[in-house]
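Read the structure below first, then the notes.
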Amino acid sequence: MAEANWYVVHTYSGYENKVKANIEKTIENRHLEDQILEVIVPLQDVVEVKNGTKKNVSKKMFPGYVLINMVMNDDTWYVVRNTRGVTGFVGPGSKPVPLTEEEMRPLGIDLAAERAKAAAVEVDFEIGDTIEVVSGAWKGTIGQIKAISLQRQTVSIDIDIFGRATSVEISFMDVKKM
């Protein structure tokens with residue numbers, strides 16, 4: 001399997017959060033959790049002074065841009081590129097260029113540490129195992145593992161909501177093997 005990298009996606013200004021939500025919904029619908037790992041809109045806390053009063057506000061570090069940690073292939077490129085509000089990837093022509101560790105470090109994302117954290121996680125269950133949710137909103141739910149994301153440290157299981165199987169993502173900490 002190819003390695004995931006961080007890519008920059010250009011969006012219409014003001015649509016960053018909407019693009020993030022749309023991509024995350026598409027990931028869930030198309031079950032691309034193992035290929036598109038994370039979507040972020042980098043924020044920065046700043047102090048704004050208006051009418052003599054100070055106020056802490058979160059502002060977008062890069063208005064018009066969203067960062068995506070993903071495995072680049074034809075499917076993921078197509079999903080991201082054809083999301084409403086996305087104008088394209090940052091890079092020459094139509095070829096996206098991944099960010100380097102030096103470019104990610106000022107954003108508070110240490111790629112080497114992220115890889116080490118994902119590699120260091122060991123779980124005693126695998127796809128197909130039956131688990132019980134021991135805490136959180138789905139406490140007491142029993143389900144079969146459909147996907148495991150070491151990067152996000154979650155498992156995906158199908159649960160029954162209103163008579164329909166719905167996939168939910170649950171943290172490793174909230175489940176135990178049966």
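This structure is a prediction, so every number in the text was calculated from the model and none was measured. One is the number of the first residue; the rest follow in order along the sequence.
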Fill in: Test item: Ile68 and Val80 side chains (from C-beta on) under 4.5 Å apart, heavy atoms
yes
Straight-line distance of [X] [atom1] to [Y] [atom2], nearest 0.5 Å:
X      : Y      : atom1 : atom2 : value
Ser156 : Glu33  : OG    : CD    : 4.5 Å
Asn82  : Thr26  : CG    : OG1   : 10.0 Å
Glu132 : Lys176 : CD    : NZ    : 5.0 Å
Ile36  : Arg30  : CD1   : CZ    : 9.0 Å
Ser13  : Lys60  : OG    : NZ    : 7.5 Å

Fill in: Exceeds 12 heavy-atom contacts within 6.0 angstrom, atom CG of Asp74
no
Item to complete: Taking side-chain contact (heavy atoms from CB on, under 4.5 Å) as the test, write out the residues that go with Ile159, two or more places apart.
Response: Trp138, Thr141, Ile157, Ile161, Val168
Worksheet item: How are the rings of Phe89 and Trp77 set relative to one another: parallel (under 30°), tilted (30 to 60°) or perpendicular (over 60°)?
Response: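 Aromatic pair Phe89/Trp77 classed parallel.
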Worksheet item: Does a donor on one side chain sit under 3.5 Å from an acceptor on the other, for Asn22 and Thr83?
Response: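 Their side chains do not contain a donor-acceptor pair, so the 3.5 Å distance test is not met.
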Worksheet item: To which residues is Val97 joined in a hydrophobic cluster, defined by side-chain heavy-atom contacts under 4.5 Å among Ile, Leu, Val, Met, Phe, Trp and Tyr, whether direct or through other members?
Response: none
Item to complete: Kindly write out the residues that satisfy salt bridge (Lys or Arg N to Asp or Glu O under 4.0 Å) with Lys20, not counting sequence neighbours, or none if the list is empty.
Response: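 With sequence neighbours excluded, Lys20 shows a salt bridge (Lys or Arg N to Asp or Glu O under 4.0 Å) to Glu24, given in chain and number order.
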Worksheet item: Okay, side chain of Glu103, backbone of Thr100: is any donor-acceptor separation there less than 3.5 Å?
Response: yes
